[in-house]
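Below, chain A is the first sequence line, B the second, and so on; all start at residue 1. All of these numbers come straight from a predicted model, not from anything done at the bench.
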Amino acid sequence: MLKNLNPQQLAAVKHFGSPLLIVAGAGSGKTKFLTHKIAYIIDQKLTAPQHILAITFTNKAASEMKNRVQELLGEQCTEFPFISTFHSFCAYVLRKDFQSLNRPNNFIIYDSYEQQKLIKNILKNMDISKTSYTYNFVLAKISEFKNKLISYQDYATLPSNHILYDQVLAQIYEKYQQGLISNNAIDFDDMLFYTVVLFQRNPLVLAKYQTQFKYLLIDEYQDTNHAQYNLAKLLASQHQNIYVVGDFDQNIYSWRGANVQNILNFEKDYAQAKVLYLEQNYRSTKTILKAANGLIKHNQQRKEKKLWTENAEGEPLVFYKTKDEKQEAEYIAQKILSLKEKSEYQDIAVLYRTNAQSRVLEEILASQKIPYKLMGGFSFYSRSEVKDIMAYLRLIYNQADNQAFIRALSKPSRGVGQTSITKLLNQSQATNLSIYELIKQNKTNLATKQTQSLKSFATLIFELEQYYQTLTEDKIGKLVKSLLKKSGYQQMLEIENTPISLDRLENIKEIISITKNENLELGDFLNNIALISEIDNTVNLDNAVTLMTMHNAKGLEYKIVFIAGMEEGLLPHYRSKNIPEALEEERRLCYVSLTRAKEQLFLTAVDDRLIFGELWKRPTSCFLDEIPQDTLLIMEEEKSYSGHPHSIVYKSKEKFKNNQAFDHDFNVGDKVKHKIWGEGIIHNLEGIAEKSIAHIRFNGESKKLMLKYAAVTKV
DNA sequence: TGTAAACCGGTTTTT
DNA sequence: CCGGTTTACA
Ligand SMILES: Nc1ncnc2c1ncn2[C@@H]1O[C@H](COP(=O)(O)OP(=O)(O)OP(=O)(O)O)[C@@H](O)[C@H]1O
């Protein structure tokens, strides 16, 4: 079982009795160590499989790890270790023990869309929707507080000169939490937050989980946040059987509260800790590794570490610049087709910085008949048609769910509009009865037309619920099929009969096929949806090119990797470029992307990119200059390209806006001075180049100023 | 009162 | 460009 490990990995697998940290670069076999360690613990019968808890970064990584462990153990595996993300683990704990914090165990998990709706509502009611407290800003702040384990009560009592404190935020935070509580909901950050609180406040519950999970293993430890760090510490505090791996150069989630100090301080936190290093990379060619190592050296805030390989020299990285993103996608498609002679589609991945980039890639790949699968993103479950169907399912499962009632009711429209809905909601709140109950008990107070419509809708839901009860297998699939017909939803799409509506119908059918294999109950399905965001929404395409964001590529490997959009503004992203720490994170992100490749790397960039329907001129990414030039082959498209990425001269006579003429170096958090309003603080920046707008709070009052014209200076 | 059509505002990255 | 929200009209 341990044959394929090198001496360091072997030593690590056999190490017991004290905490262990492995720090090592990309592709050095950290994840491989974890899977073998789990298998070894089981094989040696040190404990039963179900007493092992392994934490991965994504659900996909978790299921991959499960498969690996199973392969290693073969037949002898009857019970399984608990392998999941922090969030899924917390959901598991809270479904069992949330009641110990006086909250029901059958909470629902709000996704970001529902969070947004709640916040928007609060801002509207407080009459501050048009101020600097944008919902994005507020949500990011609340997330930050929760990750730092600051409850809204704690927050409210912070001294008013505390850096984090803001009186308005304190109010919003409280209202937001109360909103969640009254809907019996928690958000993603709450999962971690409440689990930590539960363990801290309730030693008995903690002890139960400490006994249940005698071994704790964590992948990607460099990207744990404060709450996750505390969770691990609590779980391991008795037995100290904690084994973590990570790479500080792959810390790419600090914007979400991930704190690289957690890995740097591991030895301080666990006094007996042993630290091991892996230095041999088994994944990539010498050229790829040289390129990646050369790039990451440019980070100042970094410990040096070795990473070498015995693999072949390999091909140079290829850089190709095109006129626009369409041609970029065409180049990638064409390259994929020519690579197809030697490689399979499944060996190829295309990475990009922002989800918005995937659109063009999808279109062009589809037009060239290249099969692809889109991984991750807020893809599937946030599409409006999927949400509509989910609303029906939620309502069938729980008729008291007013939110679901309203959404289902208005798709397709049933002649009941905003006014009636508001009345119903108010009545529901006043009487403590759900809208569904009100209708059933004839307690509504509306015009006949609306009442009739509501009645038949309620009957529809009742009948569907009855139908569901009679089913025995493939229950959700059959239910969805039936509701599509009876609700008129399918008819609505068929009448529209546009390509888009047909697409929507396809997506809904996807729900049917997702739920098919496992004989899922409605409740289990609905409860876990927020957690399974990463379903590949393409139907079991085995041999297909993978499209995903760079963040999603973490931990994965492909024979051939394309990196699209190697441009200033995209990588590094314009929001990061004036903040040194953020810029270094962008560089790490580039490092992660490069090191996904085993054999070949293609980097592309464009001259002009269409953003919000406007053409923007784009310089090539500074990171391209930082990659050792002898690993890089720059393909020339036209003679206008003179060899150095920054010396490109745009020769076309086409009209375009030269949008990069103006620039600034203000950042969020900067103190600034204005002629009229005096001193203020920038709390948000939007737009780019000449359209940059700063949101500045002057002495209580907030202003949005265009930096190109505004007379503000840094102080 | 409900719905369709204009309108406005927002782009990192995700569990 | 897209989706959520406001507005104008039936
Ligand atoms: N001792 C070994 N001998 C041969 N191949 C190995 C060895 N260790 C790991 N590998 C291979 O190297 C590749 C990278 O391993 P793994 O994914 O475990 O690295 P990692 O350190 O987790 O990488 P990353 O930090 O990029 O996620 C895998 O294909 C793995 O099978």
Side-chain angles (χ1 to χ4, degrees), chain A residues 55-62 84-91 109-113 115-117 120 124 129-130 134-137 139-140 143 146-147 186-192 220 223-225 227-228 252-258 351-357 359-360 375-379 382-384 387 410 412-423 446-447 449-450 453 500 528-534 548-554 565 569-577 582 585-586 588-589 592-593 609-614 616 684-688 691 693 704:
Chain A
I55 301 290
T56 60
F57 201 75
T58 61
N59 288 314
K60 188 178 158 64
S84 81
T85 61
F86 270 112
H87 288 87
S88 298
F89 170 73
C90 291
I109 301 166
Y110 264 20
D111 62 18
S112 47
Y113 178 82
Q115 285 183 291
Q116 248 180 48
K117 272 180 81 166
K120 280 183 182 169
K124 210 166 154 189
S129 12
K130 296 245 156 59
T134 63
Y135 64 92
N136 280 330
F137 169 75
L139 277 170
S143 171
K146 288 181 180 176
N147 287 156
I186 64 174
D187 66 20
F188 280 107
D189 300 311
D190 279 338
M191 289 199 237
L192 303 171
E220 311 279 8
D223 274 322
T224 50
N225 65 32
Q228 293 166 332
I252 54 173
Y253 280 90
S254 68
W255 51 273
R256 197 175 92 179
L351 311 184
Y352 38 81
R353 178 68 226 274
T354 64
N355 285 301
Q357 288 169 262
R359 241 187 114 79
V360 188
M375 245 193 58
F378 354 50
S379 50
S382 52
R383 298 183 186 210
S384 67
K387 281 193 162 299
S410 39
S413 49
R414 292 184 170 83
V416 182
Q418 198 49 59
T419 325
S420 311
I421 286 171
T422 312
K423 277 189 193 160
L446 298 165
K449 183 178 149 233
Q450 277 77 23
S453 182
I500 296 169
N528 291 313
I529 282 188
L531 289 169
I532 355 168
S533 63
E534 312 139 53
M548 65 188 148
T549 62
M550 298 173 173
H551 283 88
N552 261 319
K554 189 182 175 84
L570 220 40
L571 184 73
H573 197 271
Y574 75 93
R575 305 279 291 233
S576 304
K577 91 173 203 217
E585 180 149 322
E586 297 285 318
R588 291 194 292 272
L589 188 56
V592 168
S593 305
R609 189 173 288 275
L610 205 57
I611 295 167
F612 282 144
E614 273 183 282
W616 295 77
N684 198 12
L685 283 170
E686 61 182 350
I688 41 180
K691 288 185 173 173
I693 294 170
K704 291 188 190 180

- side-chain N/O N355(A) vs dT13(B) OP1/OP2, d < 4.0 Å: yes
- So which nucleotide from dT5(C), dG10(B), dT13(B) ends up closest to the side chain of K120(A)? dT5(C)
- Note on the structure: The side-chain hydrogen bond (donor to acceptor under 3.5 Å, both in side chains) partners of Q115(A) (sequence neighbours excluded) come to Y176(A), D187(A)
- Dot-bracket for DNA chain B, please, read 5' to 3', with Watson-Crick or G-U wobble pairs under 3.5 Å on both distances, ( ) within the strand, [ ] crossing, | other strand, . unpaired. ||||||||||.....
- Message: Any side-chain N or O of R359(A) below 4.0 angstrom from OP1/OP2 of dC2(C)?
- Response: yes
- Item | Rounded distance (Å) that lies between atom P of dT13(B) and atom CG of L589(A) | 11 Å
- Contacts of D189(A) meeting salt bridge (Lys or Arg N to Asp or Glu O under 4.0 Å) (sequence neighbours excluded), chain-then-number -> none
- Whole-Å distance separating the CG atom of N552(A) from the P atom of dT14(B): 5 Å
- Interatomic distance, N136(A) CG vs dG4(C) C1' [rounded to whole Å]: 13 Å
- Message: Applying a 4.0 Å non-hydrogen cut-off, can you work out what F86(A) is touching in the nucleic acid: base, sugar-phosphate, or nothing?
- Response: nothing
- Task: Could you list the residues that satisfy side-chain hydrogen bond (donor to acceptor under 3.5 Å, both in side chains) with Y110(A), not counting sequence neighbours?
- Result: N183(A)
- Message: Taking the minimum atom-to-atom distance to the side chain of W255(A), which one of dT6(C), dT11(B), dT14(B) wins?
- Response: dT14(B)
- Message: Please confirm whether the shortest side-chain N or O distance from S112(A) to OP1 or OP2 of dT14(B) is below 4.0 Å.
- Response: no
- Residue set satisfying side-chain hydrogen bond (donor to acceptor under 3.5 Å, both in side chains) with D223(A), at least two apart, ordered chain then number -> N251(A), K554(A)
- Please name all residues satisfying salt bridge (Lys or Arg N to Asp or Glu O under 4.0 Å) with R609(A), sequence neighbours left out, ordered by chain then number. E328(A), E567(A)
- Give the nucleotide from the list dT14(B), dT15(B), dG4(C) with an atom nearest to the side chain of F188(A). dT15(B)
- Query: Atom CZ of R575(A) and atom C1' of dT13(B): how far apart are they, to the nearest Å?
  - Reply: 12 Å
